[in-house]
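These figures come from a predicted structure and were not determined experimentally. Atoms considered below: every heavy atom in the structure, side chains included; atoms not considered: hydrogens, waters and symmetry mates.
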Amino acid sequence: MFNRYRWKAPSYPVCRIAENELSNNRFKDSTLKEKIVTVFIAVLFLCIAVFLIEFVVWTIKDRHAFALPLFHQDKIDAFMDFFNVNYFVSGGRNPYTDPDCLSNYPPFALLIAKFFALFGDYSSIEGLSARGVAMSVRSSAGGIISLVLFFLVLFIGNFFALRGLLKKLRFSRRERLLISVVFALSAPVLFLFQRANYLGFSLLFVLIFLDLYDSESKWLREVSYISLAMAFGVKLYPVVFGYLLLRDRRWLAVLRLVLYCLLFFFVPFLFFNGGVSNIGAFLHNVFAFSSTDAAYMYHNYAPYQIVYTVAGLFSSGTLGSTAILICKIFSYAIAACCVACMFVCEKRWQSMLAAALFTVYVVSPSYLYVGVMLLIPVAYFLAEEEKNSADYVTLVLFIVLLQPLYLGYMIDLAGITYDVTVSVFLQALAMLGLFIVCVCGGVSSAKKRMTGKRRGTEHGEGESKDGAEHQSA
């Protein structure tokens, strides 16, 4: 009679509450991977919070929100990469030979710009330069609509593509959300936003490629090849991520990728005045832009930017032609080393880092927004299960690279403010540090392979000797 009222113990272990109370430091009990992910997110969220405070204060103080020196010193030049390129493809102009254009953008990027240019009137105005016309469109209703549409396409596209990649790398839903926010407010992405550069489409197409290139569906794999070819059509150098197909020895896929790249490079020329005859002018514009003094602008990752900055602190800040040439050769040597590391490094994040660094050092000048390609190896690095204490060095370098803080200008010995921000200078140094990490990973992987081959040879020789002794016996 009384059994029905007897107290029953709960079905779950009572000691669980005590265990949670005793384990009052979840961070201490987590794995090294979890610690690194937590530190990465926490530190960058703190940097982003400080940056937002700086941004609000600067806006109230100056009324020019994007005058924050992290972005661009020219207070009236916000979003002008978008409107300048739209000007190139409007009004029947030849974007490669017109004196007001001389574009160094591949034709597929200009074909995308041709769509957004439909919303504004880029007709020449007497008394206004090409930049003046583009600025007038920026302040018009059509220009604002086109810019909003541009950002919507990039935001939605990159959000879902990045979400797919992070899910593929087995991040939790909470981690995917936090990492996406950190990436969206990182220094390279913010600078890309401030310039409204078409490189955002290259990032989108590369992310789609990484999402789908190893899919079980042959149709999705084909979509990935087309997507990487489109990334090539926008900025050329992102095609380096096709090294994944070479590493996997998927030769037919490589062949199709090459065909798609040729298609997206040559065919778009036909939509502009001059057609394929503009190829020579395009290449001339690319090399001409790389050799100009614009390479010395302060938002630059290139090694000669570091030398230029240091020279400015202790001298007049000018570099001779010989010094510039040496620095450029050094950049190309770094890019060549990165190509080797792509195929030598065993860890996927290190080979991805090599590919991303190649995109940084093979171009000149290497502006701050090129760093968006580094978001890819960061994601792979955080997803890596096997980690050691040395990875904290890599973590610090990634944080320095992505943090958006404004830390003031470099000041020379005479107390004169120099045109390089401390933050960008540190990011350029962090980029070199990541290159060293990449080379160390490549050397370590090469040593392991050599040791493995040597052991395999010795093992084979030992077995042959044992067999000979057995036969003689």
Would you say Tyr198 and Asn86 are linked by a side-chain donor-acceptor pair, where the criterion is simply a distance under 3.5 Å?
yes

Determine the minimum heavy-atom distance between Leu368 and Pro188, stating which atoms define it.
O-CB, 3.6 Å

Using 30° and 60° as the class boundaries, would you call the ring planes of Phe108 and Phe205 parallel, tilted or perpendicular?
tilted

Answer yes or no: does atom CZ of Arg176 have more than 12 heavy-atom neighbours from other residues, nucleotides or ligands under 6.0 Å?
yes

Verify the neighbour count for atom CZ of Phe160: are there more than 12 heavy atoms of other residues, nucleotides or ligands below 6.0 Å?
no

Pick out which of Thr31, Thr394, Ile36 makes a side-chain contact (heavy atoms from CB on, under 4.5 Å) with Lys387.
Ile36

side-chain contact (heavy atoms from CB on, under 4.5 Å) with Ile376: of Leu207, Thr359, Leu162, only one passes, and it is Leu207

For atom CZ of Phe155, is the number of surrounding heavy atoms from other residues, nucleotides or ligands below 6.0 Å larger than 12?
no

Please work out whether the ring planes of Phe116 and Phe150 are parallel, tilted or perpendicular, with thresholds of 30° and 60°.
perpendicular

For Tyr213 and Ser227, test the side chains for any donor-to-acceptor distance below 3.5 angstrom and give the result as yes or no.
no

Indicate the ring-plane relationship of Tyr225 and Phe209, choosing parallel, tilted or perpendicular according to the 30° and 60° boundaries.
tilted

Whether Phe398 and Phe381 hold their rings parallel, tilted or perpendicular, with breakpoints at 30° and 60°
tilted

Cationic N near anionic O, under 4.0 Å, Asp214 to Arg250:
no

For the pair Phe193 and Phe151, evaluate ring-ring contact (aromatic ring centres under 6.0 Å, His included) and give the outcome as yes or no after the intermediate values.
CA-CA 8 Å; Phe193 170 77; Phe151 283 136; 4.6 Å; yes

Side chains of Asp81 and Asn197: donor-acceptor distance under 3.5 Å anywhere?
yes

